S.K.: 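Can you read through this structure? Questions will come right after.
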Amino acid sequence: MKFSVLFLIYSCILGLLVGIVAAIFLLVTNFFIDVVWQKIPAMVNIPLYPLFIGLLGGALVGLIQKNIGSYPTTIEETLSEFKRSNRVSYKGSIGKNCLSATVVLMFGASLGPEAALAGIVGGLITWMGDHLKWTFERKEELLKLSIGAMLAAIFRTPLAGISGVFDHNQSFDVTNKLKKIVLYTVSALFGLIGFLVIEHFSPEESVFSIHFSNTVQWEWQAILVSPLGWGIGGLFGLIFLKLEKLTNQLAKKIDDPMVKTMIAGAFLGIFGIWSPYFLFSGEHQLLPFSKEALQLTFFPLLLLGIGKAFLSNFCFSFGWRGGKIFPAIFSSTAIGFAFVSLFPYTPGLVIGVIVAASLTIILEQPYLSIGLLLFLFPIQFIPAILISSLGIHTVKKYVQKKFLLNR
């Protein structure tokens, strides 16, 4: 019991540290983003500036790919490395993750920071395990706690940090699960506290939410439209994954990493000229986009959603590596707004259903999807989000099981 209490205290400190590291990393990258996309254009008039920046970024990302390797690492790669070797590399790797992710993000890639942060946090945990012997046997739990705290911090929701207890834990030991819930919750809360304390010093307000009217107008037609929207969300999730496979196949046809990153940079610039919503992860753009989306028509919204999904996967496959959670949420939201432009009945409810279904298919983690979206949408839509996410996950597992049985 004494060790359990000590481990709980240690988890709190670790969560706080992870939140601080995540906040500092994002402050630095946001500073460089502001320089590249605000300060320089204000001083120098460069024609087709997004294309110029995309090509310049492509050259720098290509040099990184050629000289230091495939960085930043993803969450999946970090966890796989740990399972293989019981550790995550930190000598040199933390710096490589920081450098590569900063370059990718500052030049406008349609990707998020969570991939690099997972590698940084994983290296930090391994370093601590090497120097604090009593933590060695629990490094795996510390790593998962830390990734949960990181997700809770950057998405501003502690529920994202505890989703791993439900999405990955196969144990039916109620006592063990309750202990894990306490550990993950406390670690996530301290991660969020550490993040918000540092973020307070940021000159830029960081907003991750969707704007809807404060007064929800409940319309009976939404009951008929929501199941259709649920199917649309699931279908878009599958399209997102198909685009991932397609862009991976395209990237395999080109051997030179510099050529690949330059092509991705050109695409990024062209898409950025078309609409600034294609650039960046979508975190800071989601609120302003949602304020004007209801005035847009179906096809522009549809093209934005599919284009954002394609560009995120294309960037990643062609060497601009990063996280896909933020872009997946943004593109799914655009599809949701496209749908409600045709069926404008209680838009927030229907969009919540669509985004929940889509994100669950993409991440294959229903509880993480729910944890992310509960703070993104108004509280009135929580039951619909729960039903949509858990329902689509159940249907997907049933279809996969039937398919395997019939093979």
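Only a predicted model underlies this, so the values are computations on that prediction, with no experimental measurement involved.
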S.K.: Search all heavy atoms of Leu117 against all heavy atoms of Ala22 and return the closest pair with its distance.
M.R.: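 The pair with the smallest heavy-atom distance is CD2-CA, 3.8 Å.
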
S.K.: For the side chain of Ser80 and the backbone of Glu77, is there at least one donor-acceptor N/O pair under 3.5 Å apart?
M.R.: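 Here the side-chain-to-backbone pair does not exist.
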
S.K.: side-chain contact (heavy atoms from CB on, under 4.5 Å) for Phe278 and Leu304? Distances and angles first, verdict last.
M.R.: CA-CA 7 Å; Phe278 287 114; Leu304 177 59; 3.7 Å; yes

S.K.: Can you tell me how far apart CG (Asp255) and NZ (Lys260) are? Round to the nearest 0.5 Å.
M.R.: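 Between atom CG of Asp255 and atom NZ of Lys260 there are 7.5 Å.
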
S.K.: Show the nearest heavy-atom pair for residues Leu373 and Ala356, with the distance to one decimal.
M.R.: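 Shortest heavy-atom contact: CD1-CA, 3.4 Å.
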
S.K.: Compare all side-chain heavy atoms of Leu359 with those of Ile329 and state whether any distance is below 4.5 angstrom.
M.R.: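 Yes. Closest side-chain heavy atoms under 4.5 Å.
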
S.K.: With heavy-atom distances below 4.5 Å as the criterion, would you say the side chains of Glu244 and Phe316 are in contact?
M.R.: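 Glu244 does not reach Phe316 side chain to side chain.
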
S.K.: Look up atom CD1 in Ile20 and atom CD1 in Ile198, then write down how far apart they are to the nearest 0.5 Å.
M.R.: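 Those atoms lie 5.0 Å apart.
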
S.K.: Has the side chain of Glu114 got a donor or acceptor atom that lies under 3.5 Å from a matching backbone atom of Ile325?
M.R.: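 Side chain of Glu114 to backbone of Ile325: a pair is present.
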
S.K.: Just do the ring pair (Phe, Tyr, Trp, His ring centres under 6.0 Å) check on Phe267 and Phe318 with the steps written out, would you?
M.R.: CA-CA 11 Å; Phe267 268 77; Phe318 279 67; 7.7 Å; no

S.K.: Taking the side chain as C-beta and beyond, is there a heavy-atom pair between Leu16 and Cys12 under 4.5 Å?
M.R.: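 When only atoms from C-beta onward are counted, Cys12 and Leu16 do not touch, as no gap falls below 4.5 Å.
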
S.K.: Got a donor-acceptor contact below 3.5 angstrom from the Ser358 side chain to the Ile354 backbone?
M.R.: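 No, the answer is negative, given that no donor and acceptor are paired below the 3.5 Å cut-off.
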
S.K.: Going from CD1 on Ile351 to OG on Ser290, what distance comes out if it is rounded to the nearest 0.5 angstrom?
M.R.: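 Ile351 atom CD1 to Ser290 atom OG measures 8.5 Å (nearest 0.5 Å).
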
S.K.: Answer whether the closest heavy-atom distance between the side chains of Leu363 and Lys324 falls below 4.5 Å.
M.R.: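 They are not in side-chain contact.
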
S.K.: Ser331 and Ala309: which non-hydrogen atoms are nearest, and at how many Å?
M.R.: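 Minimum heavy-atom separation between Ser331 and Ala309: CB-N, 4.0 Å.
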
S.K.: Apply side-chain contact (heavy atoms from CB on, under 4.5 Å) to residues Ile40 and Ile53 and explain how you reach the verdict.
M.R.: CA-CA 11 Å; Ile40 294 177; Ile53 288 298; 6.0 Å; no

S.K.: Can you see which heavy atom on Ala251 is nearest to which on Ser317, and at what distance?
M.R.: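 For Ala251 and Ser317, the tightest heavy-atom pair comes out as CB-O, 3.3 Å.
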
S.K.: Under the criterion side-chain contact (heavy atoms from CB on, under 4.5 Å), which of Leu26, Ile24, Val21, Val18 is the partner of Phe195?
M.R.: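 Option passing the side-chain contact (heavy atoms from CB on, under 4.5 Å) with Phe195: Leu26.
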
S.K.: Throw together a table of side-chain donor-acceptor distances under 3.5 angstrom for residues 97-113, partners on residues two or more places apart or in other chains.
M.R.:
residue: Asn97; atom: OD1; partner: Thr73; partner atom: N; Å: 2.9
residue: Asn97; atom: OD1; partner: Thr73; partner atom: OG1; Å: 3.4
residue: Asn97; atom: ND2; partner: Ser93; partner atom: O; Å: 3.2
residue: Ser100; atom: OG; partner: Lys96; partner atom: O; Å: 2.7
residue: Ser100; atom: OG; partner: Asn97; partner atom: O; Å: 3.3
residue: Thr102; atom: OG1; partner: Cys98; partner atom: O; Å: 2.7
residue: Ser110; atom: OG; partner: Lys308; partner atom: NZ; Å: 3.2
residue: Ser110; atom: OG; partner: Ser312; partner atom: OG; Å: 2.8

S.K.: Quick one: do Trp274 and Ile270 satisfy side-chain contact (heavy atoms from CB on, under 4.5 Å)? Show the steps, please.
M.R.: CA-CA 6 Å; Trp274 179 7; Ile270 293 168; 5.9 Å; no

S.K.: Quick one: does Ser389's side chain have a donor or acceptor within less than 3.5 Å of a partner on Leu386's backbone?
M.R.: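 No; zero donor-acceptor contacts below 3.5 Å.
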
S.K.: Any heavy-atom pair between the side chains of Phe271 and Leu279 that's under 4.5 Å?
M.R.: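 Not touching, per the 4.5 Å side-chain cut-off.
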
S.K.: Please indicate whether Leu342 has more than 12 foreign heavy atoms, meaning atoms of other residues, nucleotides or ligands, lying under 6.0 Å from its CG.
M.R.: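 Correct, the count exceeds 12.
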
S.K.: So which heavy atom on Ala116 is nearest to which on Phe25, and how close?
M.R.: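 The pair with the smallest heavy-atom distance is CB-CZ, 4.2 Å.
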
S.K.: If I take atom OG1 from residue Thr360 and atom NZ from residue Lys396, how far apart are they, to the nearest 0.5 angstrom?
M.R.: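 Thr360 OG1 to Lys396 NZ: 9.5 Å, rounded to 0.5 Å.
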
S.K.: Mind checking the CD-CG spacing from Glu292 to Leu287? Nearest 0.5 Å is all I need.
M.R.: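 Result: 11.0 Å between the selected atoms.
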
S.K.: When the ring planes of Trp37 and Phe280 are compared, do they come out parallel, tilted or perpendicular, using 30° and 60° as the limits?
M.R.: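 Judged by the thresholds at 30° and 60°, the geometry between Trp37 and Phe280 is perpendicular.
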
S.K.: Quick one: side chains of residues 218-240, donor-acceptor pairs under 3.5 Å with protein atoms, not counting sequence neighbours, listed by atom name and distance.
M.R.:
residue: Glu219; atom: OE1; partner: Thr346; partner atom: N; Å: 2.7
residue: Ser226; atom: OG; partner: Ala222; partner atom: O; Å: 2.7
residue: Trp230; atom: NE1; partner: Ser388; partner atom: O; Å: 3.0

S.K.: Mind listing the closest non-hydrogen atom pair of Met150 and Ala118 along with its distance?
M.R.: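 Taking Met150 first and Ala118 second, the nearest heavy atoms are CE-N, 3.8 Å.
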
S.K.: Quick one, Tyr49 and Ile273 - any side-chain contact, counting heavy atoms below 4.5 Å?
M.R.: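 Answer no - side chains too far apart.
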
S.K.: Ignoring hydrogens and angles, tell me if any N or O in the side chain of Gln65 forms a donor-acceptor pair with the backbone of Pro257 under 3.5 Å.
M.R.: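 No: the side chain of Gln65 does not pair with the backbone of Pro257.
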
S.K.: Give, for atom CG of Leu349 and atom CD of Gln217, the distance between the pair rounded to the nearest 0.5 Å.
M.R.: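 Leu349 CG to Gln217 CD: 13.5 Å, rounded to 0.5 Å.
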
S.K.: Check the pair Phe314 / Ile263 against side-chain contact (heavy atoms from CB on, under 4.5 Å), numbers first and verdict last.
M.R.: CA-CA 10 Å; Phe314 191 84; Ile263 292 173; 3.8 Å; yes

S.K.: Please examine the side chains of Ile335 and Ile306, heavy atoms only from C-beta on, and report whether any two atoms are closer than 4.5 Å.
M.R.: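 Answer yes - side chains close enough.
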
S.K.: Any side-chain heavy-atom pair from Thr394 and Tyr398 closer than 4.5 angstrom?
M.R.: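 A side-chain contact under 4.5 Å is absent here.
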
